[in-house]
Structure formats: structure tokens, C-alpha cells
Amino acid sequence: MKNFKLAVVGATGVVGRAALKVLEEKKLPISQYTLFASKRSAGSKIQFLGKEYIVKELTENSFDEGFDFAIFSAGASTAKKYAPIAAEHGCIVVDNSSAFRMDKDIPLVVPEVNPEEIKKNKGIIANPNCSTIQAVVALKPLDDKYKIKRIVYSTYQAVSGAGRDGIYDLENGIKNFKESKDINVASSDNYTLKKFPYPIFNNCLPHIDVFLDNGYTKEEMKMVNETRKILGRPNLAVTATAVRVPVLNSHSESINVEFEKDFDIKDIKDLLAKSEGITLIDDIEHEKYPIATDATGQDNVLVGRIRRDFSIPNGLNFWCVGDNIRKGAASNAIQIVSKLIEYSK
Ligand code: A2P
């Protein structure tokens, strides 16, 4: 069996480090790993697979040595510059950024939903937005059976999705509160914010990524457009409100769906319980439902609070929680690499 060479680009970031952890767990047939980051952290050391790796600076010549695959988690501008260079050198890139997701020639893949797209790649595969990944894992089996007419997303997204600076802002806010013991700590006067425009500690910010001309944020429009592309439903009615909340890790989502066909709640629960990548936690009698701290560290998407939306015909509400750094980014990318390995045999 061929042993593959894999580059991890952005290895020092939140997603890059999670990718290394998931790679340690999955034990793919990869014989050589190379870890890249920017000049800032080139030369730093990372313990991985029982040995010490020196992080290399990513440059235009980094892919000359010939990699089979690369996982990019270094933002859109780095991806736009370096992913095409990697692809030209015969490396298949799985990119976590938004750089290529809506490019019609680039597959946007969630392996439980549209694995058939993987084989269509021309050197770059896009990993979808974290909040979209967990939602479509739950929505795909429902769409196949009941045909979705409309989706309303409301998200409660963790700070880890905003990278190291996002986590820093929450930690700093907590520290500031501990020191002041003042419940009116909504002001950032006492500490510096690195990522968010307002303190994320003690606030919910209806603002993820930049605002667009249509009044939505880019994150909200990512959910709309990526859901349509992944489900192969280009005209599907989808709307979203994306909110950053003071949670360290794992995104929670309230999802309201209207179907073409009528359904039975028990059938929906049975269908979701047996679908790939989903763990059903729906036991209100014992007050059991998905929560972020339970989702963190696992790759399955947790689904619960499943109930009929009585305000419309064929309406459904449910709650969906996923580890945004694992299934929402690193694990999804590694699942794609694993499929690429499988297909290359
Ligand atoms: P670095 O550690 O050198 O800054 P996060 O979003 O969690 O902060 O992580 C971003 C990741 O992307 C980091 O590993 C960061 O490396 C990497 N990165 C950012 N800009 C570049 C670049 N121009 N080239 C390579 N890696 C980059």
C-alpha cells in the first residue's frame, strides 16, 4: 500500500492543532507529515505522534517536494495564494477557509452528505463553514425523505470559531470579571479586545464575519449559500441569524424546517437516530438534550429538542450541537482526506 505525504498548513492555529490531534487518533496510512505556519511561528516546536516537529514557514516553494495531500487552516488569503500552487504541484488541498467554497468548479464536501463530490476535485476541495457542516449532517436525511421547503437557522456560536484571538477575548473578559466582581463588566475599558468589536464575555453578539450590503453578515450568507450547494438544492429558501456567544467551544443551533411532505415525529427521531454522524439526545422526560460541553471532543453532531412547529403545516423545530473545531473543521477535512486515500487504492 502506498504511504502518503501530508502537509498541515496553519498547524499552530486552533483548527491546525485540532487536526494534529484527530490525525493522531485516526492513524491514516501517512508516512510523512510536514507542519507549516507563517514566518511568525516558523521554528516553533510541536509534539505530534510521539515526536517533536519543527514548524516550517509556508513559502511559494513549500510544495516543490511533492505532497499527496494538504489540509489548509490558515485563512482565506493564505489559501487563495498557496492552495493553487500546491494543486499545480499535484497535491490535493482540503481548505478550511471560505476562499473557494462557492466556486462552481470546486467541490464543497461533507462526507455524510455528498461524498460523491470528492472525486470531481481538480486539486482543491473546500471544507464548508462550521455552522453549515453540523446543520447539513442533520438536514440531509430529512431532505431525502420529506423534501425541505424552507430552513430558518439561529446559531449560538462558540469563540473558538474565531481562532486564538477569539478565545483570548473570552478568557480576558472572564479574568477581568474575576478581578472586578462587577456584573456590569460589559465594557472593554479595562482590557484589550483582539478579535471582537465588543466584549464577548457577558454578551451575545449578532455579528459574525463582516456585514454585507443586504444587511446580513457574511457568516449568515455562508450558511444560506453553502447549505444550498451541499444539499444540491440551489433554489432552497434558507435564512439565518448567526450569533457569537460566550461559549469556549461547540456551536449550538436552533433549526426550523418546513417540509413538502407531512411527517410523524417518531419517524423523524428514528431516522435521525440511525443516520450517519448523528447522536440523538432527545429525552425531555429526563431533561436530556444536546449541550456544547457534551459535543466538544467528538465528531458526531448531537440532535435533540425535536418537536413539531405548530405555526405552519409540516413544520419542525430541533436543536443541533456540534464541535465546530472537530466536525466543523478538522475532522471533516480529515474524513475527506481519508476518502481520498480510499479512492486512490
Ligand atoms: P502563525 O502561528 O504563524 O500565525 P488561528 O486562526 O487559530 O489564529 O490560526 C491561524 C493559523 O494560520 C496559524 O497557524 C497561523 O500561523 C496560520 N497563518 C496565518 N497566516 C499565515 C500565512 N501567511 N502563511 C502560513 N500560515 C499562516
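In each ligand, atom 1 is the first atom listed, and ligand 1 is the first ligand listed. Position 1 is the first residue of the sequence, and the numbers go up from there.
Sorted by chain and number, the heavy-atom contacts of ligand 1 below 4.0 Å come from Gly10, Ala11, Thr12, Gly13, Val14, Ala37, Ser38, Arg40, Ser41, Leu58, Ser73, Ala74, Thr78, Gly163, Arg164.
Using a 4.0 Å cut-off between a side-chain N of Lys or Arg and a carboxylate O of Asp or Glu, Asp270 and Lys266 qualify as a salt bridge.
The aromatic rings of Phe36 and Phe63 sit tilted, their planes meeting at an angle between 30° and 60°.
Annotation: ring-ring contact (aromatic ring centres under 6.0 Å, His included) contacts of Phe211 (sequence neighbours excluded): His207. His89 is linked by a ring-ring contact (aromatic ring centres under 6.0 Å, His included) to nothing, counting only residues two or more places apart in sequence or in another chain.
Proximity of a side-chain donor or acceptor of Asn129 to a complementary backbone N or O of Ser131 within less than 3.5 Å is detected.
Among pairs with a residue in residues 44-53, none fulfils side-chain hydrogen bond (donor to acceptor under 3.5 Å, both in side chains), at least two apart in sequence or across chains.
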